Structures are given as C-alpha cells and as structure tokens.
There are 2 protein chains.
Amino acid sequence: MELSNLNIEKYLKQNGIKPSYQRIKIFEYLVKHRNHPTVDIIYQELVKNIPTLSKTTVYNTLKLFLEKRIIQLIVIEENETRYDADITTHAHFKCEKCGRVYDIRVDLTEMKIEGLKTFQVKENHIYFKGICEKCLKENK
Amino acid sequence: MELSNLNIEKYLKQNGIKPSYQRIKIFEYLVKHRNHPTVDIIYQELVKNIPTLSKTTVYNTLKLFLEKRIIQLIVIEENETRYDADITTHAHFKCEKCGRVYDIRVDLTEMKIEGLKTFQVKENHIYFKGICEKCLKENK
DNA sequence: AATTAAAATGTAATGATTATAAATTGTCAA
DNA sequence: TTGACAATTTATAATCATTACATTTTAATT
C-alpha cells in the first residue's frame, strides 16, 4: 500500500495505536516529507502549528511507532538518530556535503551470505556515504 | 597483511601516527581482541594495566585513528559507538541476546545498485540484527 | 457529570562525548 | 646535559541528545 495515499488514522488503528492528534501529525510528517528526519527536525516543524507540542511527546511517539513496527530507525552517524516511515527493505545514502539522506533501492536477493546461514536474521541495514549527484554538480 | 602479526609501532608510523605507549596499547587491543569494542570497554580493559590512563585519551586516540583511516566506526545501535581495526569491506551482525558483534564476509560485487550510479560512494556499511547461533542453541 | 485511564507536557536527571586547561612527556638545538 | 618548545596525556567542566518522573490535560466509560 502506498503510504502517501493511506488514511493515517485508520493505519494507526490497524496497528494498535490510538490515533491522537499528535500521533497523527507526527506520522503524517514522516509520510509526507520522507526526509528521514531527526527528533529535532520533526519537533521544530510541528511546533510551528502545534505550539503546545513537547519534545518528549515526539520521543514517546516515535518509540511507540518503533514498537508497533510502523517506522524504522536509521543510524548512520553517531549521535544522529533518524526515522523512516518506509519499512520496506531499502538502503540509504547520506551525502557528506549537504547532509541529505536518500533512499536507495537494493536487491538483497542477489546477496547470498555464507556467514549468516546459522544465524536468525531479523533486520538488515545498508547505508552508504559519499557525495550526492546534486553536490557533485554544484562543485564543478 | 595480517594485522595480528604486524609490528604495531611500525604500522602506526607508516600511517603518520607517532606511536606513543597509549596509542600502541589501544591499537593493540583492537587488533588482538577484534571484539568491536566501545570506548568504555577499551578504557576499562586497558586501565587495569595503565592506571593513569584517561578516557579522554581513548577518545582522542580513536578519533586520530579514524582520521588516519586505520580503523572504522561501527554504529549499529543509537548511543553505542564501536570501533574496528579491520578496515576491509565486511558486514556485521549484532546479536540481540548476547550483544556480541560478529564479522560477516559479504561479496559486494554481486550487489549492483542502480540508484547509486550518479553518486560518489566513499563508504558502505552493512549490518544485521537477530539471534546468533550460540544463543539459538542455548535457548532450546 | 463523575470517575478512571491514557496521553501529553514540563522539568529534572542521565550519560556519552567534547571542550578546555593544566600537567607530563618527548624532542632537539645549544 | 640542559633548557625550551611542541606534542601528548590527563583531569575537570561543559554540552547535548535522550530518558525518567511527576503533573496536567484529554479521552473514555459508567
């Protein structure tokens, strides 16, 4: 299902989450922007329209979303935790210049890993660092 | 070259690092244990034999090693930064039960990624989470 | 409307990392 | 060998993201 078209309230309910105003807005932010934001980015954006919003609420809500597995954690840099409402398998690319985090489609079926045969794998994470196309062009 | 057999003092010099006692011991710890330790683990182990050791020195030294590219950063959990003296391309697996971080050999040549064509990739990181073989057996 | 539970909020506490300044050690010319 | 300067280590304080906790607000139920 395309996240951008779904009814967020319904989606939260389906996943056992009571759809409060704040929860809806936080999830909506993730779905609409798809920018892999940090807690602070989410807070700074939403507090413009929800002046009473507390950063603790953002933390609590994201933790709840993680427990219910409707978002995933992205940890690329130390001390920079980001969140993604796209929970399908995909990789990320972080540009060292502009700091943007891009979604990268990867085909993991190609990747057969001997060393993991005897392990029970629950999550896989792939990310790259470098310079994005946009920044490469600008620096010419 | 096998890191475990090399002369650490020489290796540091070759990479533009003045081989002080602390630096040698910290690098030696990484090479001998290969356990992807945190700063605290390194500090707690080394301070047993170097009572004057400061945690700041461990931080400074690891930062220097990173700049000189003789170690790599491993960030799997938020708020848990680990270090690895093996700078060859390989993946990691963190066990959710015992917390151990395993090295996993992967063949990245198989992984052709359309979305990265126009980007300049400098680093790639792959990690998995789940239950390791040891813990799977113990829980039976 | 009253009662209770859930959620949101504000503030304080925690803990890893970084900044800063002082002390120690190493280097090298005189 | 000594003195002076630079590099390194150390100890302490500051920072900042996250978590803990207590209070207030909102929602649900009778």
Side-chain angles (χ1 to χ4, degrees), chain A residues 8-10 12-13 15-30 36-68 70-83 94 99 101, chain B residues 8-9 12-13 15-29 36-68 70-83 94 99 101:
Chain A
I8 288 172
E9 203 172 322
K10 198 174 164 189
L12 293 182
K13 274 184 197 162
N15 286 279
I17 296 165
K18 199 174 293 183
S20 72
Y21 182 70
Q22 288 85 341
R23 288 170 178 177
I24 291 170
K25 286 301 173 188
I26 290 169
F27 194 74
E28 186 180 72
Y29 180 86
L30 287 167
H36 317 91
T38 61
V39 164
D40 203 59
I41 291 171
I42 297 170
Y43 173 75
Q44 296 301 340
E45 283 305 309
L46 293 186
V47 80
K48 292 174 184 169
N49 296 316
I50 316 169
T52 60
L53 183 66
S54 161
K55 199 176 273 189
T56 306
T57 300
V58 181
Y59 276 106
N60 290 342
T61 303
L62 292 170
K63 176 173 278 188
L64 176 67
F65 289 173
L66 282 171
E67 284 164 3
K68 299 296 186 180
I70 65 168
I71 64 171
Q72 68 167 311
L73 208 63
I74 306 176
V75 189
I76 296 180
E77 310 283 353
E78 45 175 347
N79 299 329
E80 192 186 82
T81 305
R82 295 169 173 275
Y83 299 86
K94 172 156 183 179
V101 175
Chain B
I8 288 172
E9 203 171 323
L12 294 180
K13 275 185 195 163
N15 286 279
I17 297 165
K18 200 174 290 181
S20 73
Y21 182 70
Q22 287 87 342
R23 288 170 178 176
I24 291 170
K25 287 300 173 188
I26 289 168
F27 194 75
E28 186 181 73
Y29 180 86
H36 318 91
T38 61
V39 164
D40 203 60
I41 291 170
I42 297 170
Y43 173 76
Q44 296 301 340
E45 282 304 309
L46 293 186
V47 80
K48 291 175 185 170
N49 296 315
I50 315 169
T52 61
L53 183 67
S54 161
K55 199 176 271 190
T56 307
T57 299
V58 181
Y59 276 106
N60 291 341
T61 302
L62 291 170
K63 176 173 277 189
L64 177 66
F65 289 173
L66 281 171
E67 284 164 4
K68 298 297 185 179
I70 63 167
I71 64 171
Q72 68 167 313
L73 210 61
I74 307 176
V75 190
I76 297 180
E77 311 282 353
E78 47 177 345
N79 300 331
E80 191 186 84
T81 305
R82 295 169 173 275
Y83 300 86
K94 173 156 183 179
V101 175

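Everything numeric in this text was worked out from a predicted model, so none of it was measured. Quick note on labels: first sequence line is chain A, next is B, and so on, each numbered from 1.
- Remark: side-chain polar atoms of Thr57(A) are not paired, donor with acceptor, to backbone N or O of Leu53(A) under 3.5 angstrom.
- Between the CD atom of Gln22(B) and the C1' atom of dT24(C) there is a distance of 10 Å, rounded to whole Å.
- Between Phe65(A) atom CZ and dA8(C) atom C1' there is a gap of 14 Å when expressed in whole angstrom units.
- Contact between the side-chain N/O atoms of Thr52(A) and the OP1/OP2 oxygens of dT9(C) is found at a separation under 4.0 Å.
- The interatomic distance linking Ile24(B) (CD1) with dT25(C) (P) rounds to 16 Å, in whole Å.
- Nearest nucleotide to the Arg23(A) side chain, out of dT9(C), dA7(C), dT9(D): dA7(C).
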Give every donor-acceptor pair under 3.5 Å between a side-chain atom in residues 17-27 of chain A and any protein atom, sequence neighbours left out.
{"residue": "Ser20(A)", "atom": "OG", "partner": "Arg23(A)", "partner atom": "N", "Å": "3.2"}
{"residue": "Arg23(A)", "atom": "NH1", "partner": "Lys18(A)", "partner atom": "O", "Å": "3.0"}
{"residue": "Lys25(A)", "atom": "NZ", "partner": "Glu28(A)", "partner atom": "OE1", "Å": "3.3"}

Restricting to nitrogen or oxygen on both sides, can you table the protein-nucleotides 28-30 of chain D pairs closer than 3.5 Å?
none

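- Residues in residues 47-67 of chain A take part in these salt bridge (charged side-chain N to carboxylate O under 4.0 Å, His left out) pairs, two or more places apart or across chains: Asp40(A)-Lys55(A), Glu45(A)-Lys48(A).
- Counting all heavy atoms, side chain and backbone alike, Ser54(B) lies closest to Tyr43(B) at C-CE1, 3.9 Å.
- Along DNA chain D, the nucleotide nearest Asn60(A) and the nucleotide nearest Ile17(B) are compared for position; the residue whose nucleotide lies closer to the 5' end is Ile17(B).
- Residues that satisfy the salt bridge (Lys or Arg N to Asp or Glu O under 4.0 Å) test with Lys94(A), not counting sequence neighbours, are Glu77(A), Glu80(A).
- A donor-acceptor distance shorter than 3.5 angstrom exists from the side chain of Arg82(B) to the backbone of His36(B), with no hydrogens or angles considered.
- Under the rule for a side chain to side chain contact (heavy atoms under 4.5 Å, CB included), the partners of Leu66(B) that lie at least two apart in sequence or sit in another chain are Ile71(B), Leu73(B), Tyr83(B).
- The CD1-C1' distance, from Ile26(B) to dT8(D), rounds to 12 Å in whole Å.
- Residue contacts for Ser20(A): at a heavy-atom cut-off of 4.0 Å it reaches the sugar-phosphate backbone alone, with no base atom in range.
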Interface polar pairs with nucleotides 14-19 of chain D, N/O, under 3.5 angstrom:
{"residue": "dT18(D)", "atom": "OP1", "partner": "Thr81(A)", "partner atom": "OG1", "Å": "3.1"}
{"residue": "dT18(D)", "atom": "OP2", "partner": "Tyr59(A)", "partner atom": "OH", "Å": "2.5"}
{"residue": "dT18(D)", "atom": "O5'", "partner": "Tyr59(A)", "partner atom": "OH", "Å": "3.2"}

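- The distance from atom CD1 of Ile76(B) to atom OG1 of Thr81(B), rounded to the nearest 0.5 Å, is 11.0 Å.
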